[in-house]
Amino acid sequence: MAAKSKISRIRNIGIVAHIDAGKTTVTERILYYTGKSYKMGEVHDGEAVMDWMPQEQERGITITSAVTTCAWKNYEIHIIDTPGHVDFTIEVERSLRVLDGAVVVFCAVGCVEPQSETVWHQADKYGVPKIAFINKMDRVGADFFGAVAMMRERFTSVPLPVQIPAGSEDNFHGAIDLIHEKLLIWDDNSQGMDYAAQEIPPEFTEQTRVKREELIETLANLDDDLAEKYLSGEVIPAADILAALRKATLSLKAVPVLCGTALRNKGIQPVLDAVIDYLPSPEDIPPVKGINPITKKEEVRYSSDKEPLAALAFKIVMEEGRKLTYLRIYAGQINSGDEIYNVVKQKKEKVARLLHMHANKRERIEKASAGELVAVLGLKETTTGDTLCDEKHPIMLEQIEFYEPVINQAIEAKTPADQDKLTTSLAKLVQEDPTLRVKYDDETAQTVISGMGELHLEIIVDRLKREFNAHVNVGKPRVVHRETISRHVEADGIFEKELGDKKHFGHVRLSLTPRKRGSGNIVINKLDPANIPADYHGIIIEGINEALMSGVLSSYPAIDVEVQIIGGSHKEGESSLQGYKIAAATAFRDGCNLAEPVMLEPVMLVDIITPSEFMGDVIGDINSRKGEIQAISPKGSVSEVKAKVPLRAMFGYSTDLRSATQGRAVFSMIFAEYDKA
């Protein structure tokens with residue numbers, strides 16, 4: 001590999017997409033063409049380098065985001081291949097949080113599928129510039145321009161084709177580069193390693209001219225310098241188009257669109273060129289912001305080795321019993337053997353080893369600098385989302401948001417020997433996966449695991465058996481409910497008791513009001529310090545927040561409630577912190593009982609793509625599950641059905657859908673909202 005050059009020659013990118021759009025295949029080709037691997041692994045043979053977990057190889061899907069580094073034209077590219085399945089959406093979320101750019105892969109047949117919309121919006125949330133690759137151009141029903149039109153309709157940034165396909169389906173034979181006006185053809189004998197730029201054949205010249213004109217015109221609307229040249233009728237050179245396109249991509253106004261077929265080895269090298277041409281280096285992204293925990297003021301760190309250290313732990317992996325922490329270094333440097341400060345846990349941590357990862361293989365390095373993604377051994381206290389920094393210059397970066405689990409499953413150890421293994425193994429898995437929750441239920445003596453979906457929990461149970469040799473019996477998956485109230489009430493809570501030889505008193509009056517579904521809880525303090533001294537206000541709010549964690553119907557958390565603390569009273573010498581905390585919780589519970597409490601259940605947004613002849617059966621089945629059809633859109637020989645369905649009715653749905661459609665329909669679902677059960 002070329003000598004490590006400065007920071008502008010680094011690209012940190014993620015490869016994101018809907019399940020089955022071909023992300024891992026694209027990544028495998030990138031590794032092969034950049035000389036990182038010597039043979040191409042295929043997902044369907046269970047040999048993909050990036051899908052190294054046995055569970056991934058058997059199912060042919062990506063479960064955990066894998067990190068690798070490769071070199072292209074003297075640039076260093078750090079790549080994260082992320083999962084496409086909605087159950088593992090946290091893997092995508094935390095990867096996008098630390099990446100500078102993303103390659104979004106779309107299937108030319110399915111176009112913009114639900115999970116690709118989700119990842120697109122996740123990328124927008126973190127301000128990540130994107131390029132799009134429309135894959136599977138050789139498949140029956142491939143429609144490049146249809147996919148671009150759908151992107152235009154669904155996303156705010158403008159998709160700009162910088163290539164158009166030469167042919168499609170069986171006769172897809174190359175990509176036409178609109179900027180340099182050349183036809184790119186790949187050589188099948190070299191597995192696509194060799195490719196050539198040729199003159200554009202006459203049958204494509206008119207379409208190329210029109211599409212190139214459209215590209216320049218759209219760019220002129222986004223770039224003043226280009227607009228001037230365009231309006232004065234100048235011939236615009238390729239270099240100017242590239243510069244304007246880079247600017248528009250970095251400012252999230254435009255997304256360059258390329259095409260190809262990864263499985264047939266066509267179209268990958270231009271994607272690597274586009275990563276270098278259009279996606280940002282760590283220098284191009286705005287400086288990272290954080291809060292100084294001492295001054296409580298916002299500070300920034302620029303992407304430079306000279307700045308004090310600021311790094312974010314975005315992923316934890318347990319490997320052979322040792323904890324591997326993945327870091328994105330935003331500023332400063334880390335050397336092997338350094339002591340660094342975890343500002344969230346307020347603990348010093350020792351860097352035992354620094355590693356560059358290639359999927360699950362590793363390469364030891366002595367130091368890592370700003371802009372890099374590295375793995376560290378030796379950090380004992382650090383968990384996902386923690387900031388590591390220089391203790392003399394502390395900064396706390398924004399933490400990663402986690403999703404709430406929607407599904408529970410009871411598990412119990414098969415033998416007493418398994419019980420000890422189960423406890424320690426689950427503790428390790430929880431460290432790795434922030435969307436997995438574990439709770440021990442005293443009443444049933446069972447351990448309850450909660451996660452993002454059936455597949456998520458299935459993989460967890462599988463890993464317990466394989467990696468940790470902990471054998472468990474598994475209960476049926478159950479839905480995680482919530483509770484809320486239906487009307488406005490006011491309630492008093494009074495606590496008056498002698499505990500030991502001390503009197504405890506607390507009196508709190510609350511007003512409870514239902515809020516709009518999905519708007520969350522809010523606690524508003526309207527107390528007059530003349531009635532209850534200010535010293536007690538904090539403990540009253542704490543008492544209410546704790547009471548919100550378990551409702552009055554079945555102890556599920558209460559959501560969408562506005563609680564106002566409107567009054568109460570104080571007794572000199574008897575009022576106590578404990579008294580007010582209990583009084584606040586009592587007032588809340590009594591209020592909930594009066595406010596017509598209701599159970600809420602998770603409702604999923606289900607998206608089904610089915611051959612049109614099975615449409616009636618699919619809709620009938622959704623109706624029988626108490627689902628609500630939101631939209632039906634025909635797309636050639638297939639139709640897309642969007643519906644909202646209670647999660648409890650969706651268990652085992654994949655099997656039912658397969659048998660109703662001869663295995664030809666596919667579906668995906670994401671959490672939509674909680675609604676009345």
Side-chain angles (χ1 to χ4, degrees), residues 18-19 59 61 84-89 113-115 117-118 403-411 435-437 448-461 474-484 486 517-518 551 553-560 597-612 614-633 638-677:
H18 186 85
I19 191 164
R59 291 173 174 80
I61 61 169
H85 196 288
V86 60
D87 283 16
F88 309 107
T89 188
E113 294 167 290
Q115 189 59 15
E117 269 193 71
T118 308
Y403 295 87
E404 285 301 313
V406 292
I407 181 168
N408 277 346
Q409 192 163 31
I411 57 174
T435 55
L436 173 68
R437 307 284 160 84
V448 179
I449 54 174
S450 315
M452 301 302 293
E454 275 183 286
L455 180 65
H456 185 196
L457 296 186
E458 187 187 311
I459 301 282
I460 293 293
V461 170
V474 181
K476 278 186 102 123
R478 292 198 9 233
V479 168
V480 177
H481 288 80
R482 292 284 183 269
E483 301 182 16
T484 193
S486 318
R517 198 64 66 246
L553 295 171
S554 298
S555 300
Y556 285 110
I559 59 168
D560 304 333
V598 287
M599 274 299 235
L600 300 174
E601 64 176 349
V603 175
M604 310 305 276
L605 190 60
V606 182
D607 199 301
I608 306 149
I609 310 256
T610 172
S612 302
F614 301 115
M615 201 63 163
D617 297 345
V618 167
I619 291 173
D621 184 48
I622 289 290
N623 290 334
S624 73
R625 293 170 194 268
K626 305 251 186 323
E628 202 180 289
I629 304 288
Q630 305 282 308
I632 298 169
S633 29
V638 297
S639 294
E640 180 183 27
V641 180
K642 281 185 190 262
K644 279 186 175 172
V645 192
L647 175 61
R648 66 184 152 79
M650 291 301 291
F651 291 138
Y653 181 63
S654 52
T655 318
D656 297 348
L657 181 68
R658 270 191 222 115
S659 56
T661 61
Q662 299 169 1
R664 287 162 62 198
V666 291
F667 85 101
S668 67
M669 62 178 186
I670 51 179
F671 173 73
E673 62 198 2
Y674 275 100
D675 209 350
K676 281 185 186 166

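Computed from a predicted structure; not experimentally measured. The first residue in the sequence is number 1, and the count goes up from there. These numbers come from the heavy atoms of this one structure, side chains and all, not from hydrogens, waters or symmetry mates.
- Remark: Glu640 CD to Asp607 CG distance equals 4.0 Å, nearest 0.5 Å.
- For the pair Ile411/Ile460, no side-chain contact is recorded, criterion being any heavy-atom separation below 4.5 Å from C-beta on.
- Counting heavy atoms from C-beta on, the side chains of Asn623 and Ile629 come closer than 4.5 Å.
- Taking CD of Gln409 as the start and CD of Glu458 as the end, the distance is 9.0 Å to the nearest 0.5 Å.
- Rounding to the nearest 0.5 Å places CD1 of Ile449 at 6.5 Å from CG of Leu436.
- Of the possible polar contacts, none joining the Glu601 side chain to the His481 backbone as a donor-acceptor pair under 3.5 Å is found.
- Counting all heavy atoms, side chain and backbone alike, Leu457 lies closest to Ser450 at CD2-C, 3.9 Å.
- Across every non-hydrogen atom of Phe671 and Pro602, the tightest pair is CE1-CB, 3.8 Å.
- For the pair Thr484 (side chain) and Ile559 (backbone), a donor-acceptor distance under 3.5 Å is present.
- Glu628 pairs by the salt bridge (Lys or Arg N to Asp or Glu O under 4.0 Å) definition with nothing, not counting sequence neighbours.
- Counting only heavy atoms from C-beta outward, the side chains of Tyr653 and Asp621 approach each other to under 4.5 Å.
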Check against side-chain contact (heavy atoms from CB on, under 4.5 Å), Ile619 and Ile632
CA-CA 10 Å; Ile619 291 173; Ile632 298 169; 3.5 Å; yes
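- Every residue meeting the side chain to side chain contact (heavy atoms under 4.5 Å, CB included) condition with Leu553, not counting sequence neighbours, appears here in chain and number order: Glu483, Pro597, Met599.
- When all heavy atoms are compared, the tightest approach of Ile608 to Val606 is CG1-CG1, 3.9 Å.
- Minimum heavy-atom separation, Val598 to Ser486: CG1-OG, 3.6 Å.
- Taking each heavy atom of Arg625 and Asp656 in turn, the nearest pair found is NH2-OD2, 2.7 Å.
- Partners of Arg517 by salt bridge (Lys or Arg N to Asp or Glu O under 4.0 Å), not counting sequence neighbours, listed by chain and number: Asp560.
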